[in-house]
Amino acid sequence: MIRRMTALVALLLLVVPISAAPLRDEAVSSRDGLVVCTSAPACDAGTGILARGGNAVDAAVATAFALAVTHPSAGNLGGGGFMLVRTPNGDATTFDYREKAPLKATRTMYLRDGQIDISLTNAGYLAPGVPGTVRGLALAHKRFGKLPWKELVMPAVQLAEEGFVLSDALSKSLNKQLSGAMGRFPTSVEAYGKPGGGRWASGDRIVLKELGKTLRAIATNGPDVFYKGWIADRIAEDAAANGGLITKDDLAKYEAKERTPIRGQFRGFDIITMPPPSSGGVALIEMLNILEPFDLKSKGRNTAESMHLQIEAMRRAYLDRARFLGDPDFVHVPIADLISKEHARTLSGSIDPLKATNSVELGKDIVTVTAQEPDETTHFSVIDRNGTAVSNTYTLEGGFGSRVVVKGAGFLLNNEMGDFNKNPGVTDLTGNIGTPANLIDPGKRMLSSMTPVIVAKNGRVVLITGSPGGRTIINTVLSVVLGVTEFGLGVRDAVDAPRMHHQWLPDAVTIERDGTTEEVVQKLRAMGHTVNVAGTQGDANSIEVDEGGRATGAADRRSPDGKTSIPRGLTSRR
Ligand code: DON
């Protein structure tokens, strides 16, 4: 216990400046609703909507548009994502607004001399899929919204037009981008560069004029202006002028989809989460099912014995992810089998409690060559006073996506095409996957790891969570869900707790720096695991609800600018 606390304190020291005491986001609770997100002004835009009588979906839409202004590395108009909604009567649904491959895309478009040319998916005009965010938010609003659309977009318009104050972290990341990858694109420098030149500093006000104009058009005219109107013209013209693929036809044909969530059961908790094209929901439920027969709690959360079992569950679920998962509109995904208790029993039975399984051996039927995803996405959680819960993760893929700002429209496009399997038939030890389910096809959605989750028990919401982090997302979410359901932690402790990641291949586990001890690492190595200790993992902005209906937020302290926001004027705080 002491060791765990020492590790936790060390982790906090790593991410929270010493001068920040008392700790940021200490147990903020409310019965009037909450928004927990990664950028304070955007969380406040959401609770502003709650205070005006909007519901959780209204607040989520407002938060998402505001994040497109104040958190440009991942908040977006030019990307895509998933929203999960649960209403107080227990009904739940999801909105899939994942990007799609342009109609001109081909299976081998990122291969040069038979090798993946990662520079083509990292940045530039060939990297983006057809954006889904504006359609997705509009669909969620059409289905559940209470306040008028325009009212939900206007806080973002205001933030863009009047400007907002840069945090230390955002000023630094903008400077880094402008002198690096984003600096290659004149429209991006024009949008995000400091007027008159020079470097941004913490406390500077940034105004995003063209983004404001685009948002104002979306507020006034609705989503069609983005997909069929002048914004679509700008996207298509810019692509055509720079070797990109997205056309007006791609945009006009884009549809967000409402999909039935997938559900699992773990120790009496209902796990409600995202179906494909997310791989996260299936893999999360599969891992929980694999772990159910083991008593992790009595082994202790961060012991080698308990971590070994979790790593083995990860290894097996990520192998199934590589084997089977892709866009369900294009390939058959055997969801019911993968999340069945029966499948899990077979997999649990194959775990040696003392010895690591070899990943290549386990998946030798699909490994063809025996010779990591970047880090930006954002998750927010919302609940309103009536108990409607929203779990939303959306992304540009890498930080600032393709780094390309659309000329004349002021917003960044994603680089999500990199989430497809880019080299057909080639699955190697580095984590490249070449299986059929997630190959590029025109109009197909690329597989995602984004895993928005709502956990309920006895008919009421217990936990809302999710995270960024590429393939690590699913394991970050597993960690928070296990923290609450298996280890009985409160949401603050479950979010603070150390995390780890194993994704089948590469066959190595990465444990958060200060999330473990030398003794545990040595024990894991003795079992045959390759162990790396590095960095921090995820940004799981989460909400827990107690039996009396009081919601408590936990903004993830691994990220510097997050906040639990409560509706002004309606607040109860403890
Ligand atoms: O959809 C996915 O799985 C990835 N494009 C998410 C990327 C991501 O989380 C990067 N961020 N931290």
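Numbering of ligands and ligand atoms starts at 1, following listing order.
The distance from ligand 1 to the heavy atoms of M450 drops below 4.0 Å at these ligand atoms: 1 (O), 3 (O). Of all atoms in ligand 1, listed by their number and element, those nearer than 4.0 Å to a heavy atom of G469 are 8 (C), 9 (O), 11 (N), 12 (N). The ligand atoms of ligand 1 that sit less than 4.0 angstrom from a heavy atom of E416 are 1 (O), 4 (C), 5 (N).
Side chain of R492 to main chain of L489: no donor-acceptor pair is present (N/O by atom type, distance under 3.5 Å, no hydrogens or angles). Of the possible donor and acceptor atoms, one in the side chain of S542 sits under 3.5 Å from a partner among the backbone N and O of A540.
By the 3.5 Å distance cut-off applied to N or O atoms, L447 is not counted among the residues near ligand 1. For ligand 1, the polar-atom distance check finds no N/O of T395 at less than 3.5 Å from any of the ligand's N/O atoms.
Look at R234 and D238 and you find no salt bridge, because none of the NZ, NE, NH1 or NH2 atoms lies under 4.0 Å from a carboxylate O.
Taking the six-membered ring for Trp, F226 and Y254 have ring centres at least 6.0 Å apart.
K176 meets the side chain to side chain donor-acceptor pair (under 3.5 Å) test with no other residue; sequence neighbours excluded. By the side chain to side chain donor-acceptor pair (under 3.5 Å) test, N421 is found to be paired with T435, N438, residues two or more places apart in sequence or in another chain being considered.
Remark: distances from the non-hydrogen atoms of R98 to ligand 1 include one below 4.0 Å.
Around atom 2 (C) of ligand 1, the closest heavy atom drawn from I473, I474, T378, D419 belongs to D419.
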